[in-house]
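Single-structure report; data block below.
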Amino acid sequence: MSDTAHSTEAPTFPERRKVKILNAYVHDVTMDEVVETLDEGLLLTLHVDMIMKLQKDREFHDILDQFDVITCDSQILYFATKFLGTPVPERVSGSDYFPRFYQRHRDNPDVTVFLLGGKPGIPEVAAKNINAKVGREFVVGTYAPPFNFDDDPAEIERMIEAVNASGATVLLVGLGGGRQEKFIIRHRDRFENVKLYLPLGGTIDYEAGTFRRPPGWVTEWGFEWLYRLVKEPRQRWHRYVVHEPPVVPLLVKQKLGLYRNPFAGDR
């Protein structure tokens with residue numbers, strides 16, 4: 001394993017104000033700051049699905065502080081920071097960040113990416129599209145694990161071996177909110193060359209073109225969830241109609257000083 005792959009020194013990303021959202025937080029950063037400054041470490045892009053999982057998933061909650069930068073990856077949460085009186089400058093979503101990232105590093109041969117996640121065949125399409133845009137072999141490896149990879153130690157070994165064999169310095173993980181972050185924290189010490197970890201959910205699908213982004217005004221007005229629900233009602237119904245709406249009364253409780261972290265004092 002490389003002696004420099006997992007430095008114990010403090011992250012190079014400058015300190016930024018933490019903006020509290022329920023039992024989590026986002027950093028007070030802009031897209032430009034993240035793109036131009038974060039070259040090593042762990043990125044987390046926080047959205048409503050994750051916020052709700054954080055109300056029940058103790059392991060996910062306890063690893064938040066291990067991420068060097070946590071961005072507000074949701075127009076709803078962006079509006080929430082204003083409602084709470086602690087606004088952040090803008091939404092910094094993973095699907096917007098990654099194209100900026102690969103264009104910034106298009107001429108830097110020291111930066112190569114492995115795509116881990118997506119359905120079979122999808123990461124290969126995404127890699128082809130990205131490499132065509134960058135003009136070189138920027139994505140040097142892909143792997144689409146089965147949905148239940150968590151329960152199969154041999155599968156996890158195959159995932160880790162594939163990343164290490166590629167020599168990639170950046171690992172983009174698209175295994176679903178919470179799962180992808182826990183996977184990184186559990187296994188990061190075994191990745192030999194990776195310096196930057198990007199758990200970016202559906203970004204692989206976006207880059208493959210299997211799911212298209214809505215018009216800009218839809219996102220800006222906070223209706224991207226509705227756009228996705230209309231496009232994929234069966235897949236999105238539980239998330240957008242059952243799982244995420246309780247965030248609203250929780251945010252009201254925080255505004256009124258009534259919210260309590262479900263894990264407070266549970267150590």
Between CG of L172 and CG of L200, what distance do you get to the nearest 0.5 Å?
-> 4.5 Å
For residues I63 and D65, determine if any side-chain heavy atom of one lies less than 4.5 Å from a side-chain heavy atom of the other.
-> no
Pair H187-F191, ring pair (Phe, Tyr, Trp, His ring centres under 6.0 Å): steps then yes or no | CA-CA 7 Å; H187 304 293; F191 293 111; 7.3 Å; no
Answer yes or no for K53 and F60: cation-pi contact, defined as NZ/CZ to six-membered ring centre under 6.0 Å and angle to ring axis within 45°.
-> no
Check salt bridge (charged side-chain N to carboxylate O under 4.0 Å, His left out) between E90 and all other residues, then give those that pass, not counting sequence neighbours.
-> none
Separation between OH of Y78 and SG of C72, rounded to the nearest 0.5 Å | 9.0 Å
Minimal heavy-atom distance between T37 and E33, with the atoms involved, is OG1-O, 2.8 Å
Do R104 and D32 meet the salt-bridge criterion of a basic N to acidic O distance under 4.0 Å?
-> no
For a quick test of your reading: what N or O donor-acceptor pairs under 3.5 Å do the side chains of residues 248-258 make, sequence neighbours left out?
{"residue": "Q254", "atom": "OE1", "partner": "L22", "partner atom": "N", "Å": "2.6"}
{"residue": "Q254", "atom": "NE2", "partner": "K20", "partner atom": "O", "Å": "3.2"}
{"residue": "K255", "atom": "NZ", "partner": "F83", "partner atom": "O", "Å": "2.8"}

Locate the shortest heavy-atom distance separating I184 from L42; write the atom from each residue and the value.
-> CG2-CD2, 3.8 Å
Within-4.5 Å side-chain heavy-atom neighbours: V247 and M52 = yes
T210 and D205: side chain donor to acceptor below 3.5 Å = yes
Does some side-chain heavy atom of L64 sit less than 4.5 Å from a side-chain heavy atom of L54?
-> yes
Looking at side-chain heavy atoms only, is the closest gap between V140 and V113 below 4.5 Å?
-> no
Set of ring-ring contact (aromatic ring centres under 6.0 Å, His included) partners for Y97, sequence neighbours left out | F101
What distance separates K182 NZ from D57 CG, expressed to the nearest 0.5 Å?
-> 3.5 Å
CG on D49 to CD on E244, rounded to 0.5 Å | 5.5 Å
Using a strict 4.0 Å threshold on nitrogen-to-oxygen distance, state whether R186 and E59 make a salt bridge.
-> yes
Heavy atoms of Q180 and V173 approach each other most closely as OE1-O, 3.2 Å
For residues I51 and A24, report the shortest heavy-atom separation together with the two atoms involved.
-> CD1-CB, 4.0 Å
Any idea which heavy atoms bring F147 and D150 closest together, and the distance?
-> O-OD1, 3.8 Å
What's the spacing between I130 CD1 and T142 OG1 if we round to 0.5 Å?
-> 10.5 Å
Side chain to side chain, E207 and P99, heavy atoms closer than 4.5 Å = yes
Under a 4.5 Å cut-off applied to non-hydrogen side-chain atoms, are Y197 and L43 in contact?
-> no
Would a 4.5 Å heavy-atom cut-off, applied to side chains only, mark L44 and E181 as touching?
-> yes
Can you check salt bridge (Lys or Arg N to Asp or Glu O under 4.0 Å) on E36 and R100, steps first, answer last?
-> CA-CA 9 Å; E36 297 298 326; R100 294 273 303 270; 5.2 Å; no
What is the ring orientation for F183 with F149, classed by angle as parallel under 30°, tilted 30 to 60°, or perpendicular over 60°?
-> perpendicular
Distance only, no hydrogens: is a donor on one side chain within 3.5 Å (strictly under) of an acceptor on the other, for Y143 and E124?
-> no
Contact check, side chains of L198 and V170, non-hydrogen atoms, under 4.5 Å = yes
Starting from the C-alpha separation in whole Å, work towards a yes-or-no answer on side-chain contact (heavy atoms from CB on, under 4.5 Å) for E157 and R190.
-> CA-CA 10 Å; E157 290 299 315; R190 299 189 57 198; 2.7 Å; yes
If you count the non-hydrogen atoms of other residues, nucleotides and ligands that lie under 6.0 Å from NZ in K56, is the total more than 12?
-> no
Contact summary for V19 and V88, nearest pair of heavy atoms = CG2-CG1, 3.7 Å
Where do N148 and E155 land on the side-chain contact (heavy atoms from CB on, under 4.5 Å) test, with the steps shown first?
-> CA-CA 9 Å; N148 63 343; E155 180 61 31; over 6 Å; no
Spacing of T71 atom OG1 and R91 atom CZ [to the nearest 0.5 Å] | 9.5 Å
